[in-house]
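Read through the structure below, which is laid out as structure tokens, and then see the notes.
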Amino acid sequence: EKGGYEHYMRKEIHEQPESLRQTIAGRLDVDAGDADLDTSFPPGFLADLEEIQIVACGTSNYAGRYAAQLFEDLSGVRATVETASEYEFGAGRSADRTLVVAVTQSGETADTLGAIRRANAAGARTFAVTNTLGSTVTREVDDTAFIRAGPEIGVAATKTFASQVATLAMLAVAIGRERGALAAADARPVLEGLRDLPGAVQQVLDNEDAVREAATEYGDSEAFFFVGRQLGVPVALEGALKLKEISYDHAEGFAAGELKHGPLALVTPETPVLAVLTEGGRADETMNNVTEAQTRGAPAIGCVSAGDKYATLDVSLPVPDVGVVEPLVANVYLQLFAYHVANDKGRSIDKPRNLAKSVTVE
Ligand code: F6R
């Protein structure tokens, strides 16, 4: 059932080209510069839309953070992300001009359902992005888009993160086009990136040996810092979460610019820095921050856009050119890094201690 893989997690990491193909199948029209998620917003709703609030937990929250930046850029709507357990509709908003989007793989996360119930009670329109047909969230929202990633068995979310971001990117394009905020010519490069995403992920998977070597070389460190800027920030957060969940090592993710505002005090030769150095992530500025950590002795591993060379990196992992989804491709390297660090330590990768796949208590 694990198809020759030792763990579901590695199998699911390797399934991403195919799961992403399912996610985008029939939904992209590159020539027309549009995406179709079969949504049914009431007439006039999108034109008047003032804010998109994304509510989600854990990895799904990081997918939401990635998407919020895309919503602002592509849909021309203010977009915020809240930790579902902390969400309140909030003052100063008009409910009929707000779309609340729950991002939840399982569709059963109690914190996320609680947030959607508070949004519904406030009178906002609600939307779910989920992997699970017939899940509770689909019965509580006005509209649903399925990410079509297929079943995910490993407790640590991998392929569903990629499919969530891809689905939300298509939603951002669809809303932007329907509102008249996005020209076909500006949508096209995003759609081409999504179209090319499965192949780009495959190239990363084909380079797994390089990540395995880095995991073996640096896996026994004291702590791990993951950094990026812009679209690289949610990927840094996700990279750190993946590593801590399955390896039980201390890992932190943050905006690269924040290194010098505190975390730099922790940096030593025993704290590798993993960086997202791609398009959509202000790579040159990020590299400046990485260099500051290297000056204090930290080894640096970078996921780097094809063609950009940062010769001072200790390990450079190339990311194919796919525009704003490059950080999403870089994330596959971070998934593999977490996997191999944990595997070298003999951890219980598919069922980490203290965690459950679906968290149905608040
Ligand atoms: C991390 C992980 C969790 C989930 C979170 C939300 O690998 O799996 O952080 O992302 O519990 O779950 P869903 O998406 O089912 O709402």
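Computation of the quantities below employed the complete heavy-atom set of this structure, encompassing side-chain atoms and omitting hydrogens, waters and symmetry-equivalent molecules. Read the numbers this way: they start at 1 and go in the same order the structure lists the ligands and their atoms.
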Would you check the N or O atoms of Val103, main chain and side chain alike, for any that come under 3.5 Å of an N or O of ligand 1?
no
Atoms in ligand 1 with a heavy atom of Gln105 nearer than 4.0 Å:
13 (P), 14 (O), 15 (O), 16 (O)
Got a salt bridge between Lys11 and Glu15, using NZ or NE/NH1/NH2 to carboxylate O under 4.0 Å?
yes
Salt bridge check, Glu238 against Lys242: does any charged N sit closer than 4.0 Å to a carboxylate O?
yes
Mutual orientation of the aromatic rings belonging to His7 and Tyr339 [parallel < 30°, tilted 30-60°, perpendicular > 60°]:
perpendicular
Quick check: closest heavy atoms across Val155 and Lys357, and the distance to 0.1 Å?
O-NZ, 3.5 Å
Atom indices of ligand 1, in the order listed, that fall short of 4.0 Å to a heavy atom of Glu245
1 (C), 2 (C), 7 (O)
Inspect the surroundings of CZ in Arg125 and state if more than 12 heavy atoms from other residues, nucleotides or ligands are less than 6.0 Å away.
yes
Tell me, which protein residue and heavy-atom name are nearest atom 6 (C) of ligand 1, and how many Å apart are they?
Cys57 O, 3.4 Å
Please confirm whether Ser358 comes under 4.0 Å of ligand 1, counting heavy atoms of the residue only.
no
Ligand 1 and Thr112, any nitrogen or oxygen pair closer than 3.5 angstrom?
no
Write out the residue and atom name of the closest protein heavy atom to atom 4 (C) of ligand 1, then the distance separating them to 0.1 Å.
Thr59 N, 4.1 Å
Check each atom of ligand 1 against the heavy atoms of Thr104 and keep those under 4.0 Å away; list them by number with element.
13 (P), 14 (O), 15 (O), 16 (O)
Do Arg93 and Glu50 meet the salt-bridge criterion of a basic N to acidic O distance under 4.0 Å?
no
Under-4.0 Å heavy-atom contact with ligand 1, by part of Lys357 that carries it:
neither
Heavy-atom closest contact (Ala35 atom, Leu191 atom, distance)
CB-CD2, 4.2 Å
Centre of Tyr87's six-membered ring, under 6.0 Å away, within 45 degrees of the axis: is that where NZ or CZ of Arg118 sits?
no
protein heavy-atom neighbour closest to atom 8 (O) of ligand 1 works out as Val155 O, 3.3 Å
Which of the numbered atoms in ligand 1 are below 4.0 angstrom from a heavy atom of Ser60?
10 (O), 13 (P), 14 (O)
Output all residues satisfying side chain to side chain contact (heavy atoms under 4.5 Å, CB included) with Ile24, sequence neighbours left out; order by chain, then residue number.
Leu28, Met170, Pro198
Do any nitrogen or oxygen atoms of Gly58 lie less than 3.5 angstrom from nitrogen or oxygen atoms of ligand 1?
no
So with a 6.0 Å cut-off around CG of Asp220, is the heavy-atom count from everything else above 12?
no
Under the rule for salt bridge (Lys or Arg N to Asp or Glu O under 4.0 Å), what residues qualify as partners of Arg78, not counting sequence neighbours?
Glu51
contact_flag Lys242 ligand 1 heavy-atom lt 4.0 Å:
yes
Contact check: Thr109 vs ligand 1, nitrogen or oxygen atoms, below 3.5 angstrom
yes
To which protein heavy atom is atom 11 (O) of ligand 1 closest, and what is the distance rounded to 0.1 Å?
Val359 CG2, 4.2 Å
The atoms of ligand 1 lying under 4.0 Å from a heavy atom of Ala156, numbered in the order shown, are 7 (O)
Using a 3.5 Å cut-off on N or O atoms only, is Ser106 in polar contact with ligand 1?
yes
